[in-house]
Number of protein chains: 4
Amino acid sequence: MGRKTTIIETATRLFAQKGFAEASTAEIAETAGVAHGTLFYHFKNKQGIIQEIFTRAGSVYLRELRKSIAEYNTGMRQIEAALRFNEEYSRHHSQEILIFLRIFPDQLKGDAQSPEREFIDSIQQQVIAILHESLSAGIADGTIECRDIEETACVLNSLIFGVTHMSLMAPRYTPSLSEGAIAFCRQALQPSACAGKK
Amino acid sequence: MGRKTTIIETATRLFAQKGFAEASTAEIAETAGVAHGTLFYHFKNKQGIIQEIFTRAGSVYLRELRKSIAEYNTGMRQIEAALRFNEEYSRHHSQEILIFLRIFPDQLKGDAQSPEREFIDSIQQQVIAILHESLSAGIADGTIECRDIEETACVLNSLIFGVTHMSLMAPRYTPSLSEGAIAFCRQALQPSACAGKK
Amino acid sequence: MGRKTTIIETATRLFAQKGFAEASTAEIAETAGVAHGTLFYHFKNKQGIIQEIFTRAGSVYLRELRKSIAEYNTGMRQIEAALRFNEEYSRHHSQEILIFLRIFPDQLKGDAQSPEREFIDSIQQQVIAILHESLSAGIADGTIECRDIEETACVLNSLIFGVTHMSLMAPRYTPSLSEGAIAFCRQALQPSACAGKK
Amino acid sequence: MGRKTTIIETATRLFAQKGFAEASTAEIAETAGVAHGTLFYHFKNKQGIIQEIFTRAGSVYLRELRKSIAEYNTGMRQIEAALRFNEEYSRHHSQEILIFLRIFPDQLKGDAQSPEREFIDSIQQQVIAILHESLSAGIADGTIECRDIEETACVLNSLIFGVTHMSLMAPRYTPSLSEGAIAFCRQALQPSACAGKK
DNA sequence: GATGAATGAGGTTTCATTCAT
DNA sequence: CATGAATGAAACCTCATTCAT
């Protein structure tokens with residue numbers, strides 16, 4: 001495994017544990033077992049490390065989310081899959097997710113139109129788009145009913161974000177939310193029962 | 001207005017805008033119009049400032065949330081009120097909320113049992129307890145139906161957190177979620193329509 | 001007891017425990033139970049406190065040393081008394097002595113002709129003078145024999161200083177030295193045994 | 001000569017002149033001709049500098065003391081050599097000795113079992129052990145007579161400390177004590193004259 | 001490709017001292 | 001007499017970054 005990859009993995013771990021400002025480049029280098037200067041040979045600066053982590057993690061997440069949803073063929077099942085995938089993913093890739101949850105906010109300084117911000121926004125947009133698609137599919141195949149697709153996609157996205165945040169940041173009092181959240185969403189999205197019974 | 005209050009207000013603004021690590025004590029002092037040393041006369045250290053902000057903001061938020069809910073008499077309306085209150089509150093107290101969203105994560109270093117962590121956890125617990133109460137009331141008065149009250153309260157708490165986060169941190173592409181979220185929850189919580197129709 | 005005395009006693013204790021630079025005026029005030037500003041009402045500045053401690057302690061020490069020696073009527077017994085007094089005194093007034101041992105050195109910045117330095121030197125001179133007097137008396141009364149009175153007085157003074165320092169600063173491995181030192185000195189000072197026997 | 005050595009030498013000079021607290025890291029760096037930050041690259045912190053000075057100076061002192069004593073073959077001459085060595089050494093290495101005399105006390109905060117304290121104690125112990133050995137040798141070869149070897153070694157150690165302190169800290173009124181101290185000790189330690197004469 | 005010594009700007013904090021009350 | 005809020009200079013230390021090797 002190349003030095004660059006080692007650095008990225010070490011940095012991911014440290015950033016997730018301690019936060020961006022609190023993990024110094026010297027510590028990253030030492031933990032990764034490379035010289036301090038080596039960091040700056042492979043990356044322009046400290047920002048560059050986190051940017052690469054963001055970029056890699058973001059694209060992996062999106063790819064796997066899409067793959068995971070693609071296995072199901074009704075809209076409702078896809079939405080459920082998205083929620084389940086998210087719990088699974090945040091369990092197995094907790095460090096990448098923690099980085100998003102922890103460092104994310106600090107990257108969004110003021111309202112500046114930074115490239116980081118655009119990248120992050122773009123990921124959110126894609127997640128919302130994926131949910132939108134599944135909702136549309138669900139409406140088409142009769143497994144879902146909802147007022148406004150776009151709005152519902154945003155709400156779902158927020159719910160996913162909130163649930164992930166809670167289970168990673170405050171797991172002590174917050175038991176696994178996934179099944180609860182899935183039940184909640186199924187209830188909210190399923191077509192009116194009476195209509196179906198008639 | 002005392003110097004201490006001035007410092008707290010200035011620090012709140014700066015922390016919300018730039019984050020904890022990025023707002024220097026020198027800048028806070030200068031912006032507040034006091035000498036640098038004055039900060040450390042009134043607060044033990046930089047942490048002490050954010051702690052006081054947390055404590056004050058947390059208790060105000062909880063008090064107003066309770067008051068806002070108390071105006072309604074069915075469980076469902078209370079839940080709706082909680083969601084609406086949250087949107088309203090995060091619009092008018094965006095700085096305090098931003099501090100919670102931004103600095104929060106960085107306060108939770110590792111799994112250490114820090115007083116900050118306990119304070120933050122305690123707020124979450126109280127919010128969940130409030131929601132729990134309204135859900136119980138709703139089940140009693142027939143306006144709500146749900147699988148597991150505790151679980152649902154946690155899901156609702158996560159949803160509130162997610163929606164608030166999205167609307168403050170990424171407002172550009174995320175239109176006001178409140179009404180969408182309310183509709184979503186109402187759908188998820190309302191008693192099965194058929195039963196009612198029969 | 002007046003506030004000024006309280007301050008002096010508290011400062012003595014703290015300076016002895018922690019050193020001059022390490023005991024802050026704020027801590028002295030708090031421990032003494034007075035307001036921070038009160039210190040600077042009674043003393044010109046921090047230096048002023050230690051100066052007053054020095055002055056008081058120095059004159060008390062000299063007075064008691066003289067009194068203690070005066071009880072004996074041969075030179076040798078006076079020297080022994082001086083050594084015994086010193087051990088006794090450093091046990092009962094360890095804080096004042098510690099201040100001399102600890103803060104002393106730091107007061108003697110470079111070779112500047114500071115008033116502190118002159119005061120300290122003057123105490124040393126007086127101790128040496130007292131020893132000188134006893135040695136002379138001892139030679140006159142035949143209990144002491146020595147090469148050079150002035151020189152011997154200086155050696156004795158150094159020995160007293162060294163013994164006191166060791167027993168206060170490194171008591172762990174240095175058992176009570178007084179009796180050993182007295183025997184040592186008696187041996188060094190007593191007239192040649194043969195001469196006496198003849 | 002490496003930068004680290006330069007820093008140590010500069011710091012030794014400044015600490016000896018002004019004391020530990022009074023010599024600022026900025027001043028040390030400037031005087032040494034290196035950047036302020038360089039200090040903290042080579043040493044953990046300010047304490048770290050003085051610790052290294054202590055360690056180096058302590059081991060040099062002990063080595064040379066041993067070498068200096070080894071040249072003589074009777075116990076009495078070894079003791080004399082120790083006293084002479086000390087005067088010589090404190091004249092040529094006055095800065096290191098001044099550091100011990102000045103900073104020493106401040107390192108011994110309270111009764112804490114700090115590593116500095118242990119190091120300092122260990123040096124004292126070794127000096128006492130060396131004196132002990134010479135006293136034993138002297139008793140064996142008939143050049144020395146004394147009540148209690150251990151006790152006498154401690155007294156001698158205290159005397160050496162006191163004499164060194166006086167001649168370095170208050171040289172103005174205290175002429176070279178070495179010969180006086182040697183005569184004093186010879187007198188105290190030599191075997192009873194009569195026994196010899198008989 | 002990789003290193004690590006060196007940097008210096010900037011951060012937090014301490015603290016003796018002042019002064020209006 | 002006494003206070004304590006306020007000060008600001010100066011301290012120690014951190015750390016991202018550079019650069020000669």
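Chain naming here is simple, since letters A, B, ... match the order of the sequence lines and numbering starts at 1 in each. Remember, predicted model here, so these are calculated numbers, not experimental data.
- Checked against E/dT3, F/dT17, F/dT7, the side chain of A/Lys46 finds its nearest nucleotide in F/dT17.
- Spacing between atom CD1 of C/Ile7 and atom P of F/dC1 amounts to 12 Å, rounded to whole angstrom units.
- Taking only side-chain atoms of C/Tyr41, from C-beta outward, the nucleotide of F/dT3, E/dA16, E/dT13 with the closest atom is F/dT3.
- In this structure, B/Lys46 fails the cation-pi test against B/Phe15, since its NZ or CZ atom is not both closer than 6.0 Å to the six-membered ring centre and inside 45 degrees of the ring normal.
- Of the side-chain N and O atoms in C/His36, none sit less than 4.0 angstrom from OP1 or OP2 of F/dT3.
- What separates NE2 of A/His42 from P of F/dT17 is a distance of 16 Å, to the nearest Å.
- Geometric assessment of A/Lys4 against the ring of A/Tyr41 yields a negative cation-pi assignment under the 6.0 Å and 45° thresholds.
- Side-chain contact between D/Gln17 and D/Glu22 is absent, with no heavy atoms from C-beta onward closer than 4.5 Å.
- Put simply, CD on C/Glu22 is 15 Å from P on F/dA11, counting in whole angstrom units.
- Positionally, the nearest nucleotide of DNA chain E for D/Gly2 lies more toward the 5' end than for the other of B/Asn45 and D/Gly2.
- Counting to the nearest Å, the C1' atom of F/dC12 and the CZ atom of D/Phe15 are 12 Å from each other.
- For the pair A/Arg3 (side chain) and A/Ala32 (backbone), a donor-acceptor distance under 3.5 Å is absent.
- Picking from F/dA6, E/dT7, F/dA2 the nucleotide with the shortest atom distance to the side chain of C/Arg3 gives F/dA2.
- Atom pair B/Phe43:CZ and E/dT14:P shows a separation of 15 Å (rounding to whole Å applied).
- As the counterpart of E/dA16, F/dT7 is assigned, both hydrogen-bonding distances of the Watson-Crick or G-U wobble pattern falling under 3.5 Å.
- If you find the closest nucleotide of DNA chain E to C/Gly37 and to A/Leu39, the one lying nearer the 5' end belongs to A/Leu39.
- With both pairing distances under 3.5 Å, F/dT21 is matched to E/dA2 as a Watson-Crick or G-U wobble pair.
- Comparing F/dG8, F/dA16, F/dT3 against the side chain of A/Phe40 picks out F/dA16 as the nearest.
- Atom-to-atom, CD of B/Gln47 to C1' of E/dG11 comes out at 15 Å; the value is rounded to the nearest Å.
- One atom, NZ of A/Lys18, and another, C1' of F/dC15, lie 13 Å apart when rounded to the nearest Å.
- Side-chain contact between C/Ile7 and C/Phe43 is present, with at least one heavy-atom pair separated by less than 4.5 Å.
- Going from atom CD1 of A/Ile28 over to atom C1' of F/dC15 covers 12 Å, rounded to whole Å.
- Applying the 4.0 Å criterion to OP1 and OP2 of E/dC15, one finds that C/Thr25 has every side-chain N and O outside that range.
- Each of A/Lys44 and C/Thr38 was matched to the nucleotide of DNA chain F holding its nearest heavy atom; the match closer to the 5' end belongs to C/Thr38.
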